[in-house]
Structures are given as C-alpha cells and as structure tokens.
Amino acid sequence: MAKRISTPKIKALVAGNWKMNGTGRQLGEVSKLVTAVNRKKPSADVMICPPATLLSRMAALKPKGVALGGQDCNADIEGAHTGDISAEMLKDAGARAVIVGHSERRADHGESDKAVRAKVEAAHRAGLMAIMCVGESLKQRKAGETLKIVQAQLRGSLPAVCTAKNTVIAYEPVWAIGSGLTPTVAQVEEVHAALRKALMRRFGDEGAKMRILYGGSVKPANATELMSVPNVNGALVGGASLKAKDFYGILQAYC
Ligand code: PEP
C-alpha cells in the first residue's frame, strides 16, 4: 500500500465522457440525469462532456446540477484549422471544462505532452477548467514503468501555473479504458499518491487541493470501492456515462 498523504477535503467530480457517441436522440438521457441528480443530490460535482455537436443543445436544456464540458480543443483561439474547435468556442457553446490529452487523442492524433500542455493553457485562457489525462499502457505497466510514465506525462503536459480551480488530473490506465478491466485498489492508490506528491511539489497548496480523478471501466458495481481510495477525488467515466441510469448508479458512491 502506498503511504497515505493527508490533503484538504476536496469536493469530488464525476465527469462523463461521451466520446464520439450521441445524437439529438440521446438528449433525453441528460434530462433523466438532471431529474435523478436533483431528486437526490450527490456530494460530488457532476459533468457531461458530449460531442461538440451536442454541446449547445445540451446547454439549451439548462441542465440544473449537471455542468458541461468539451472533449478536446485546439490550442489557438481561431484560425485555419479545419474541423477543430477552440476553447473559446467551447466556452461560448456552454462548456465549463474541457478534457485534454485523453489517451485516445494521444494515440489517434499523436498528441505529445507539449501539445497537451498548449491545450491546457488554451483552456485556462478561455476560462475553462482543463481535465488533463495521463495513463500507462499495459506494456508499460508490465515493464514496471507506470509511475515513471504518468509522472513524465504530468510534468510535460501541465504549464507552470495551475490552480485547483482551473485544473483537474485524470489517471486513466490505457488498458482499463473500455476493457472492463480495472487496476487493483492498491495499484490505484499507488499511482494517485505519486500524482498527489508530484502536484504538491510543483504547485504547493494548489497541488494539495487539485482533484485527481480515476478513469477506466468505472461502473456502478465498482464505483464505491474505487472512489474510496485515498487521493481519488472522483471519476472520468466513458461507456457507463451514456445511460443516465448507469451514470447515476456511479454517482451513488457520493449519495
Ligand atoms: C474514458 O475513455 O475516459 C473512459 C474512462 O472510458 P470507460 O469508462 O469506458 O473505460
């Protein structure tokens, strides 16, 4: 077991990443989630990050108790980047946050730590909270490189100035995403403790208050156990965020 580090009480965040899923027909899931969240309010902040095409439509629903986020942004404010979206555009469409450096973007689009750092800076410039993802591959875990990998990603992907308000870290082991596999509690605890230490070393008190989410096959059945691990301050949820019933099942860990 990793050494426990005492940190201030941190309000958790449970964020749903819809990835490239959802058309107008799925907007009803958000309405169902809003109803559930307002019937019994979880102690965690709740967020949905839909595809950009649904962001302003979700925002128009004025989803009380459910904040909205984007899934990626270009580092520039505007310009000749066909198909891209700036952090300012996400903010304008109703986002409060944006996921950056998700392993699927790092893999599918070759995003380097440097590119991710520029996106974190763009999020901050636009007044969005950056949810910055780190995580090791199965090969790296098997080689005993997990801590080295996530610490290097953290170092390279965050700008010099970050606060607990404008930055959230998500630890997502690549091999746990969408696979139904999860690390053991001891493995999650070890990585989150190492991330907390690195954040505190770099950002002092702000690093102590920063949320570190766990992501990778979080489901209603394992949420309570995973969310009880020290230094786990919420979850980034993919597949199980698409249905209000499943997502609210995960939020039960905070009810
Ligand atoms: C994710 O992609 O951020 C994620 C955690 O996916 P899943 O919950 O489906 O593993």
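No hydrogens, no waters, no symmetry mates; every other heavy atom, side chains included, goes into these values. Whatever order the structure lists them in is the order used to number ligands and atoms, beginning at 1.
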- [ ] Give a yes/no verdict on whether any heavy atom in Ala240 is under 4.0 Å from an atom of ligand 1.
- [x] no
Task: Enumerated ligand 1 atoms positioned under 4.0 Å from heavy atoms of Asn17 - done: 2 (O), 3 (O)
TODO: Would you check if Arg105 and Ile99 make a side-chain contact, meaning some heavy-atom pair closer than 4.5 Å?
DONE: no
Task: 4.5 Å side-chain heavy-atom contact, Val218 and Ile250 - done: yes
Task: Identified side-chain hydrogen bond (donor to acceptor under 3.5 Å, both in side chains) partner of His102 from the options Gln71, His109, Glu172 - done: Glu172
TODO: Please identify which atoms of ligand 1 are closer than 4.0 Å to at least one heavy atom of Ser217.
DONE: 7 (P), 8 (O), 10 (O)
Open item on the list: Students should be able to answer this: which protein heavy-atom is nearest to atom 9 (O) of ligand 1, and at what distance?
Closed with: Gly239 N, 2.9 Å
TODO: Can you pull out the closest protein heavy atom to atom 3 (O) of ligand 1? Residue, atom name and distance to 0.1 Å, please.
DONE: Glu172 OE2, 2.8 Å
Task: Numbered atoms of ligand 1 (with element) below 4.0 Å of Gly216, judged on heavy atoms - done: 5 (C), 10 (O)
Open item on the list: Taking a cutoff of less than 4.0 Å between a non-hydrogen atom of the residue and any ligand atom, is Ser179 in contact with ligand 1?
Closed with: no
Open item on the list: Under 4.0 Å from a heavy atom of Ala176: which atoms of ligand 1 are those, numbered in the order shown and with their elements?
Closed with: 10 (O)
- [ ] For atom 8 (O) of ligand 1, grab the closest protein heavy atom and report residue, atom and distance to one decimal in Å.
- [x] Gly238 N, 2.8 Å
Open item on the list: Tell me the protein heavy atom at minimum distance from atom 1 (C) of ligand 1, and give that distance in Å.
Closed with: His102 NE2, 3.3 Å
TODO: Using distance alone, decide if ligand 1 has a nitrogen or oxygen within less than 3.5 Å of any nitrogen or oxygen in Gly178.
DONE: yes
List the atom pairs, donor and acceptor, that lie under 3.5 Å between side-chain atoms in residues 112-122 and the rest of the protein, sequence neighbours left out.
residue: Ser112; atom: OG; partner: Lys114; partner atom: N; Å: 3.4
residue: Ser112; atom: OG; partner: Ala115; partner atom: N; Å: 3.1
residue: Asp113; atom: OD1; partner: Arg106; partner atom: NH1; Å: 2.6
residue: Asp113; atom: OD1; partner: Ser157; partner atom: OG; Å: 3.2
residue: Arg117; atom: NH1; partner: Gly156; partner atom: O; Å: 3.0
residue: Lys119; atom: NZ; partner: Asp72; partner atom: OD1; Å: 2.8
residue: Lys119; atom: NZ; partner: Asp72; partner atom: OD2; Å: 3.4
residue: Lys119; atom: NZ; partner: Cys73; partner atom: O; Å: 3.2
residue: Lys119; atom: NZ; partner: Glu111; partner atom: OE2; Å: 2.7

Task: Residue pair Asn38 / Lys41: nearest heavy atoms and the distance that separates them - done: OD1-NZ, 3.6 Å
Task: Closest protein heavy atom to atom 2 (O) of ligand 1, given as residue, atom name and distance to 0.1 Å - done: Lys19 NZ, 2.5 Å
Below 3.5 Å, can you tabulate the donor-acceptor pairs from side chains in residues 126-146 to any protein atom, sequence neighbours excluded?
residue: Glu136; atom: OE1; partner: Tyr171; partner atom: OH; Å: 2.9
residue: Glu136; atom: OE2; partner: Arg141; partner atom: NE; Å: 2.8
residue: Glu136; atom: OE2; partner: Arg141; partner atom: NH2; Å: 3.4
residue: Glu136; atom: OE2; partner: Tyr171; partner atom: OH; Å: 3.0
residue: Glu136; atom: OE2; partner: Trp175; partner atom: NE1; Å: 2.9
residue: Ser137; atom: OG; partner: Gln140; partner atom: N; Å: 3.1
residue: Ser137; atom: OG; partner: Gln140; partner atom: OE1; Å: 3.2
residue: Gln140; atom: OE1; partner: Ser137; partner atom: N; Å: 2.8
residue: Arg141; atom: NH2; partner: Tyr171; partner atom: OH; Å: 3.4

TODO: Taking atom types as modelled, find out whether Arg211 and Asn231 have a side-chain donor-acceptor pair closer than 3.5 angstrom.
DONE: no
Task: Minimum side-chain heavy-atom gap Thr167-Phe203 below 4.5 Å - done: no
